[in-house]
Amino acid sequence: MTIEFDAAVFRTANAPLTIEKVSIPSIPPPGDVLVRVQASGLCRSDLHVMAGEWDAPTPMILGHEGAGIVESVGEGVTTLAPGDHVVLSWTPSCRRCRYCVSGRPVLCDMVTRHSANHLSFDGRSRVTDADGDVLSFAGLGTFGQYVMVPESGAIAIRNDAPFEPSSLIGCAVTTGVGAAVNTAKVRPSDTVLVIGCGGVGLNAIQGARLVGAQKIIAADICDEKLNHASVFGATEVINSAREDLAAKVVQITDGRGVEVAIEAIGLPQTIEAAYAVLARGGTAVVAGQVADGVKVTIDPFVMSDQELSLIGSNYGSSKADVDFPMLVEHYMNNRIDLDSLITRVIDLEDINEGFDEMKRGVGIRSVIKY
């Protein structure tokens, strides 16, 4: 038996997504769970695919930031039951490989082999249309109301948390907060620079605030986004379209530079800028997603001489089983703000308009409510 539902399908770059009928099995195979998606955020990673900046197979249902309700579970599933509320993870872990058992599940072997190729752990697609298989972006495909994922790809949360803000924990919130807390390990004595004040950047600011960073500097070229940054915890803002970023950071830090710089855009010039304003011993974290083939240039002598670090952050170096419920608790207890991230709630049919607004830099996050 199968369930038929509408989904926004990617078929060609630089073209609108098309709303199409697709199907998914109603009974999950062993180890999988079927989730009815209640909300899904629109993320710039989806836009990278739509714009042809990332090579991606077709047809494919985009979307990887979602929350929903477990409909049914396959044989062997022990941590979830029908009716559970869950946040979906695009790095489901096998919980057995060397990366998982050493505490780095975002680097799981199975994710690299299958979810990163938009397939389930058995190397297959779960969704079909009249012509055959339809892939699910990052193994999720939340731009349709049903997804089927490995047990570790759906993380149970408290049932009184609203779905729209909870869905953002599935990508932007975890990626941003985690970049500050898990990857950079920001300390209360640190001055932190966040370059780019979109969904990931604002949450990096929240993460730095959560651990009590001494100063939090936000940089962007849009005054509206800098206003948002102040709301989310930035103590200083720099419009780098009008001011010299490096000179302003030098001024704010009395010539020292910042202990942590988090790049949340994904451009070579901003990655290099983050690295260039570090204090001695500082760390630059690349949290933004770049287009295929992008390279950066750094001076290796300065790196060794000043003991600088340039590191990547995948999904905020998170442990979804622990971090997702914790972030929900932070939200429910007013320690982080998720509601203000949502600037528009839309229907699935409005998805292309939502991405058009993203291209124009309008708002923070549009969320599909099913």
Side-chain angles (χ1 to χ4, degrees), residues 1-11 17-41 46 57-95 110-111 114-115 117-157 159 161-164 166-167 170 320-321 324 347-349 351 367-370:
M1 295 176 59
T2 61
I3 299 171
E4 187 177 74
F5 62 100
D6 289 335
V9 179
F10 167 73
R11 290 192 174 272
L17 302 177
T18 55
I19 308 301
E20 304 178 20
K21 292 289 185 184
V22 295
S23 298
I24 198 167
S26 59
I27 301 174
D32 275 14
V33 297
L34 177 66
V35 177
R36 181 169 182 168
V37 182
Q38 300 295 304
S40 175
D46 303 299
T58 59
M60 182 162 64
I61 303 170
L62 295 182
H64 60 285
E65 184 178 74
I69 302 172
V70 174
E71 288 275 300
S72 56
V73 303
E75 182 183 346
V77 172
T78 59
T79 62
L80 295 168
D84 283 348
H85 291 200
V86 295
V87 173
L88 297 164
S89 168
W90 45 264
T91 58
S93 58
C94 72
R95 297 170 173 165
M110 292 294 281
V111 172
H114 299 305
S115 300
N117 294 308
H118 320 295
L119 299 167
S120 296
F121 275 2
D122 61 4
R124 300 176 182 176
S125 172
R126 297 287 185 251
V127 181
T128 58
D129 63 9
D131 298 318
D133 288 343
V134 178
L135 299 170
S136 299
F137 185 51
L140 291 179
T142 57
F143 294 164
Q145 195 167 8
Y146 288 90
V147 300
M148 191 171 289
V149 297
E151 180 179 6
S152 60
I155 310 301
I157 60 171
N159 278 17
F163 288 112
E164 289 87 349
S166 295
S167 70
D321 288 327
F324 285 12
D347 294 326
L348 180 64
E349 290 73 18
I351 191 168
V367 175
I368 300 166
K369 181 178 181 180
Y370 289 103

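- Leu80 approaches Ala154 most closely through the heavy-atom pair CD1-O, 3.3 Å.
- Residue Ser166 holds its OG atom at 11.5 Å from CD of Glu65, rounded to the nearest 0.5 Å.
- Of all heavy-atom pairs between Ala8 and Leu348, the closest is CB-CD1, 4.0 Å.
- Salt bridge present: Asp129 and Arg11 bring a charged side-chain N and a carboxylate O closer than 4.0 Å.
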Take Val86 and Ile155 through the side-chain contact (heavy atoms from CB on, under 4.5 Å) test and state the conclusion after the steps.
-> CA-CA 5 Å; Val86 295; Ile155 310 301; 5.8 Å; no

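- Closest heavy-atom contact between Ala39 and Ser167: O-CB, 3.6 Å.
- Side-chain N or O atoms of Ser125 include one that pairs as donor or acceptor with a backbone N or O of Val134 at under 3.5 Å.
- A salt bridge is defined here as a Lys NZ or Arg NE, NH1 or NH2 lying under 4.0 Å from an Asp or Glu carboxylate O, and Lys369 with Asp347 fails to meet this definition.
- To the nearest 0.5 Å, atom OH of residue Tyr370 and atom CD of residue Gln38 are 10.0 Å apart.
- Aromatic ring orientation, His118 versus Phe137: parallel (interplanar angle below 30°, classes split at 30° and 60°).
- Contact record, Ala138 with Trp90: CB-CB, 3.7 Å, taken as the closest heavy-atom pair.
- Separation of atoms CG (Leu140) and OG (Ser115) is listed at 7.5 Å; rounding is to 0.5 Å.
- For the atom pair Asp46 CG and His64 NE2, the distance stands at 5.0 Å (nearest 0.5 Å).
- Note that CG of Leu135 and CG of Leu119 are 6.0 Å apart. Values are rounded to the nearest 0.5 Å.
- With Met1 as reference, Ser26 is the one residue of Ser23, Ser26, Pro25 to meet the side chain to side chain contact (heavy atoms under 4.5 Å, CB included) rule.
- Counting all heavy atoms, side chain and backbone alike, Pro59 lies closest to Val9 at CB-CG1, 3.8 Å.
- Inter-residue side-chain proximity for Tyr146 and Val37 is flagged as unmet; no heavy-atom pair is nearer than 4.5 Å.
- Under the 4.5 Å side-chain criterion, counting only non-hydrogen atoms from C-beta, Glu20 is not in contact with Asp6.
- Closest heavy-atom contact between Gly170 and Phe324: CA-CZ, 4.3 Å.
- Put simply, the side chain of Phe163 does not reach to within 4.5 Å of the side chain of Val367, judged on heavy atoms.
- The side chain to side chain contact (heavy atoms under 4.5 Å, CB included) test with Leu34 is passed by exactly one of Val70, Val147, Ile3: Ile3.
- Counting only heavy atoms from C-beta outward, the side chains of Val149 and Pro92 never approach each other to under 4.5 Å.
- A donor-acceptor pair under 3.5 Å is absent between the side-chain atoms of Ser136 and the main chain of Gly141, judged by distance alone.
- Between Val33 and Pro28 the shortest side-chain heavy-atom distance does not fall below 4.5 Å.
- Distance check, rounded to the nearest 0.5 Å: CD of Glu151 to OG1 of Thr79 gives 3.5 Å.
- By the side chain to side chain contact (heavy atoms under 4.5 Å, CB included) test, Pro29 pairs with Asp32, Arg126, Met148, sequence neighbours left out.
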